[in-house]
Structures are given as C-alpha cells and as structure tokens.
**Q** 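Okay, handing you the structure first.
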Amino acid sequence: MYDLGYFRNHLDAITARLADRPFSVDVDAFRKLDGERRAAVSEAEALKAQKNAESAEIGKLKRAGQDTADKQQRVRELDELIAKLDDRASALDTEFRDLMSGIPNLPHESVPVGKSAADNLEVRRWGAPTEFKFEPKPHWDLGPDLGILDFERAAKITGARFVVYMGLGAKLERALINFMLDVHTKEHGYTEVLPPFAINSASLYCTGNLPKFEADLFKLQGTDYYLAPTAEVPVTNLYRDEVLDLDSLPIKLCAYTPCFRSEAGSYGRDVRGIIRQHQFQKVELVKFSKPEESYAELDKLTADAQDILERLGLPYRTVVLCTGDMGVNPAKTYDIEVWLPGQNEYKEISSCSNFEGYQARRASIRAKSGKSKAEHVHTLNGSGLAVGRTWLAIVENYQQADGSVVVPEALRSYMGTDIIRGVK
RNA sequence: GGAGAGGUGGCUGAGUGGUCGAAAGCAGCGGUUUGCUAAACCGUCGUAGGCCUUUAAAGUCUACCGGGGGUUCGAAUCCCCCCCUCUCCGCCA
C-alpha cells in the first residue's frame, strides 16, 4: 500500500518504474476514480456539515422551549439524501482501495531490471558445488533408504506433499531448528518469538497475503483463522496498530514455526521429495527498522542467514531478484540458493526482503522519538533458514558412497552422533 | 461451556443523550526560571480523509471512544450482534 499523497504526486515516476516489474498502472482509471471518489466524499460531507449544524440548532431551540418539529422533519429528509451519497462515496472508496492495494511495491533503485529468474544478479558465491567420486543420490532415495523419511505413510495419514521424519531424520530437523535459533539469538542479536500458528484474516491482509493470495492458504473451517504460511505474518503483526519507540529500532526477532501452504498452481513442480510440501518448518528472521537504515539492515539480515549455511559447510550463492522475478510486496529481495547435488542445481533456501513502508502502512506500524512525528517503520524479513530444505541439502551434500550421511561438525552436539546410517 | 465486570488519545483514567475529539494526571515537545542536574511555572501535544493552497503550514469540514448494525433531529453515553480482556465456576494438555 502506497502513501496516497506520495502516490498522487509521483504518479509518472512510479508508473514508469512499475513497468519494469512489469505492472501497468491504469493511470486514467486511477485519476478518474480518485476524482469521482473525492467529489462524492466532498458532496456527502458538505451535507453532513449542514445536518450537524441544524441538529445543534434544534438542541438550542429545544432548550429555549421552542417548537422544532419542522426543523426535525427537514433533517430527516436531509438524512435520506446523505444516505444515498454515502453509499456512493463508500462504494467508490472501496473500489479505489482495491485498485490501490493491487498495485505492487516500487522496486528499489538497486534492483536490476529483468524478465525472469535468468536476469537475477548474482552478488555472492560461497564454496563450490560438492564433488563426489560416485553418483550422488537425491534425498528422496537417500531418506527412505536410511529409514529417516517416509512419504508413503505420510500420504496414508494425510496426503500428498506431506512427509514423516523418523528417528535421526526427525532429530536432524529438531537439531537444525535449535542450531538456527541458537546462532541467531546468541550471536546475531535476535529475540526469539513463538507465535500462534493460526492467524486471522486482518493479520494476513497487513502482510499482503490477503486478499490476493487466498488460494495459497489453508483456512480453518468455520473460523476467521488460517494456518500460517510463514512466521512473517504473525511476527510482523506483533506490532500492528502500535507506535514504537524510534530509539528501540531496529527490533530483531526470530521465530520457529511450521508453515502451511496449499501450493495451488504449483502442480507438477518439485513433486519429488521434500522440496515443496504443504507443511514445512522454518526459522524466520523479522526486523522493524528506521527507514534510513533499512537497506543496511537488509544486508545484515541476509548475512545472518548466509552464516547458517557457512557454519554447516553448505555451498550457496546469493542473487538479487530482478524486477520481473520479485514478489509484489517487497522493494528488494535477495534469494539465497543452496547447492543440491541430487538435482544438480542451486535451489532457493532463503528469501530476504525489505518491504520498506509497504506493509507498515497497511498494518499501521509506526515509530516516534520525542520530538518527531510518528512515521511508518520499514519491515524486513527472511528465512534463516527453511529447515526442510536445509535438511535435504545436508543429506545430499554429506552423503557417502555407502548411503550414510555425515553430520556437519556444527550439528554434532545437537545430534549426539557424527553419522546417520541406515537402520535396516 | 456457565455467571459477572470491563474495552476511551503514547500511557493511566473521568465522562449515562446536545455546550465532548473528549476532564485530569503521566510521558513527549517549546519556553521561563536556574552554577549544573532536579524541581517549579507557562504554553503545546491524536489519527485518517475532503476542501482551500504550487507544496507545506495555517484554516475549515467529515469520520473515528474494541468491531458491525440500530434507535434519535442529535450517541463515547441507549438497544442488538460479534470480538477481546479480567474475576469466579465447570472441563481440560
């Protein structure tokens, strides 16, 4: 959501930059609707002012003991007129809001122009793709062979795109969660949050998941609650409708949650293994920043996520998403892609974004210090990391010729073992 | 699930039909006083939208006292529904 005054006054520049996404702002429709809406509001408000004045008059006359029947009748008639104008004004206002909330965020000036993932800009590469003296297997073979992943039973108890982790597989997931939370809280300065996993529609609206992406969510029947698609939603909404102390910024939070996504529209993509599931675990990083510091904070947040991969010895690269590949809500996004030998490619394991004031305006998250007027903060978030994808990256990168998996040094104290062998 | 009490500005809290966008206090901001600090005193201090204006400010209007509907010429105040918080009872990991 844009600031209306800013949007009006920078219409040409905004329209030009959004064309890079590509998104075409219907400028004529905007101007027309904005004009009609303002005219309708003015008209209705003028009548309301008249009505309020007459009502006050009636009060005075009554206290003076005079008859006011005529005046009351006139206000009643005025009221009918106002009701009609109000209906029109609010209909136009709703239409206008829908138009505005459908306009994607303005890409930051540092975001490269491009059409697809092929145009993303690589900004960092760490390590080299793992080399093997044998043919590496994908995790969907390694996992079941080791008895640590069970797709068939997951399909039985729930359905497709769910998985059961068994034994050391379950423990590896838990170890990763604890490892990530420990590094972020003890060394990167984040405060741990454990939010509700079910969230209401207002929260989803503020982060931009609703109304546009309702189809991607699981809704709890008979309630206004949805299963969280990411901890970004509950954690960003922590300070919805609040005025924070500017001096307390940046606020740095991290949260472990399961994430639930219906994956509507992704049929046929990543169908094998645990790359794309209806439920996956994630440790999320969220920041509330001063506007002037938000890009420095984005770089730090991205570095915090990369640090996890480096400690685990997993090769990765980081790209800036180009205008054509980024989501509608962020102003800038870094994707961190981990090397997966089983697929022979780099695959997204974290997405770190600066939303600037786009979410904060929807959610009314502001900050002030003493003399300053409350201003909207900038919100940022990124995966730190997607646990399931980290799990499979370890299994694939640390696999041995005999099918066992070496546990990365950093996880051994959490795992209580340095190797995962088959239980059969 | 049952019974009761509540939800008012950044915070605390008064306000049961018109003079209420809302007392008072705290915090903040500007100032006076003052070796410094503290204190005291004076002033100021909500948000959004419309009009006016080149913009902003100022001015003015509209809306907002948990959310939605209703009664009334007029609602923070009365009525209905919902949400949330607290207390007690029941149930329960």
Side-chain angles (χ1 to χ4, degrees), chain A residues 1-13 30-101 194-206 210 220 222-226 234 237-249 251 288 357 360-377:
Chain A
M1 182 70 72
Y2 287 84
D3 176 75
L4 186 52
Y6 182 86
F7 189 82
R8 261 193 217 121
N9 294 328
H10 299 80
L11 197 51
D12 290 341
F30 170 80
R31 289 222 172 90
K32 182 163 178 282
L33 198 51
D34 192 28
E36 285 177 351
R37 170 186 144 270
R38 288 206 264 179
V41 167
S42 289
E43 207 181 341
E45 286 186 354
L47 280 184
K48 280 182 198 170
Q50 195 186 331
K51 173 187 164 178
N52 288 343
E54 301 227 20
S55 290
E57 190 75 12
I58 290 170
K60 278 181 200 157
L61 291 174
K62 281 211 161 180
R63 249 171 287 133
Q66 297 187 32
D67 178 62
T68 58
D70 286 356
K71 246 184 167 17
Q72 289 183 26
Q73 180 55 31
R74 214 168 57 237
V75 175
R76 265 192 291 267
E77 286 162 11
L78 209 51
D79 233 7
E80 287 174 31
L81 211 54
I82 289 171
K84 278 182 201 151
L85 289 168
D86 251 355
D87 283 349
R88 179 175 153 72
S90 71
L92 284 166
D93 201 58
T94 303
E95 200 182 332
F96 184 73
R97 275 172 199 284
D98 288 349
L99 177 78
M100 285 303 289
S101 65
L194 201 158
F197 302 158
I199 54 204
N200 61 32
S201 57
S203 295
L204 285 155
Y205 175 80
C206 290
L210 286 179
L220 298 181
T223 72
D224 181 44
Y225 303 153
Y226 296 77
N237 275 279
L238 222 42
Y239 300 122
R240 165 150 53 94
D241 295 324
E242 293 192 29
V243 179
L244 304 168
D245 177 5
L246 195 65
D247 299 323
S248 71
L249 302 181
I251 294 173
F288 301 87
R361 278 187 293 272
R362 280 188 173 214
S364 188
I365 305 169
R366 294 171 296 156
K368 64 173 293 193
S369 84
K371 68 184 102 176
S372 78
K373 193 175 145 95
E375 59 181 333
H376 290 106
V377 303

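Keep in mind that this is a model prediction, so the values were computed, not measured. In the text below, chain A, chain B and the rest are named by the order of the sequence lines, each starting its count at 1.
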**Q** Reading RNA chain B from 5' onward, which residue's closest nucleotide shows up sooner: A:G59 or A:V41?
**A** A:G59
**Q** Assign a letter to each nucleotide of nucleotides 57-63 of chain B from its 5' end: B, base within under 4.0 Å of a protein heavy atom; S, sugar-phosphate only; -, no contact.
**A** ----BBS
**Q** For A:E45, give me all partners under side-chain contact (heavy atoms from CB on, under 4.5 Å), at least two apart in sequence or on another chain.
**A** A:V41
**Q** Could you list the donor-acceptor pairs under 3.5 angstrom formed by side chains in residues 78-85 of chain A, with sequence neighbours left out?
**A**
from, atom 1, to, atom 2, distance (Å)
A:D79, OD1, A:K51, NZ, 2.7

**Q** Do the side-chain N or O atoms of A:R37 get closer than 4.0 angstrom to the phosphate oxygens (OP1, OP2) of B:G50?
**A** yes
**Q** Does a side-chain N or O from A:K60 land closer than 4.0 Å to OP1 or OP2 of B:U19, or not?
**A** no
**Q** Describe the nucleic acid contact of A:R97 in one word from base, sugar-phosphate, nothing, applying a heavy-atom distance below 4.0 Å.
**A** nothing
**Q** With sequence neighbours left out, write down each residue that passes side-chain contact (heavy atoms from CB on, under 4.5 Å) with A:D93, or none if nothing qualifies.
**A** A:R37, A:R97
**Q** Mind checking what makes side-chain contact (heavy atoms from CB on, under 4.5 Å) contact with A:S101, not counting sequence neighbours?
**A** A:M1, A:Y205, A:R362
**Q** Give every residue pair that meets the side-chain hydrogen bond (donor to acceptor under 3.5 Å, both in side chains) criterion with at least one member in residues 1-13 of chain A, sequence neighbours excluded.
**A** A:R8-A:D34
**Q** Under 3.5 Å for both donor-acceptor distances, Watson-Crick or wobble: does B:U47 have a partner, and if so which one?
**A** B:A63
**Q** Can you name the salt bridge (Lys or Arg N to Asp or Glu O under 4.0 Å) partners of A:R74, sequence neighbours left out?
**A** A:E54
**Q** If you count the non-hydrogen atoms of other residues, nucleotides and ligands that lie under 6.0 Å from CZ in A:F30, is the total more than 12?
**A** yes
**Q** Mind checking what makes side-chain contact (heavy atoms from CB on, under 4.5 Å) contact with A:S364, not counting sequence neighbours?
**A** A:D241, A:R366
**Q** Among all residues two or more places apart in sequence or in another chain, which pass the ring-ring contact (aromatic ring centres under 6.0 Å, His included) test with A:F288?
**A** A:Y239
**Q** When you compare B:U60 with B:G6, how far apart are their P atoms, in angstrom units rounded to a whole number?
**A** 38 Å
**Q** Under a 4.0 Å heavy-atom cut-off, which of residues 85-94 of chain A touch RNA chain B?
**A** none
**Q** Give A:N9 one of three labels, base, sugar-phosphate or nothing, depending on what nucleic acid heavy atoms sit under 4.0 Å from its own.
**A** nothing
**Q** Scan nucleotides 78-83 of chain B against the protein and return all N/O pairs shorter than 3.5 Å with their distances rounded to 0.1 Å.
**A**
none

**Q** Think A:R38 has a side-chain N or O under 4.0 angstrom from the OP1 or OP2 of B:C52?
**A** no
**Q** Excluding sequence neighbours, so at least two apart, what forms salt bridge (Lys or Arg N to Asp or Glu O under 4.0 Å) with A:K32?
**A** A:E36
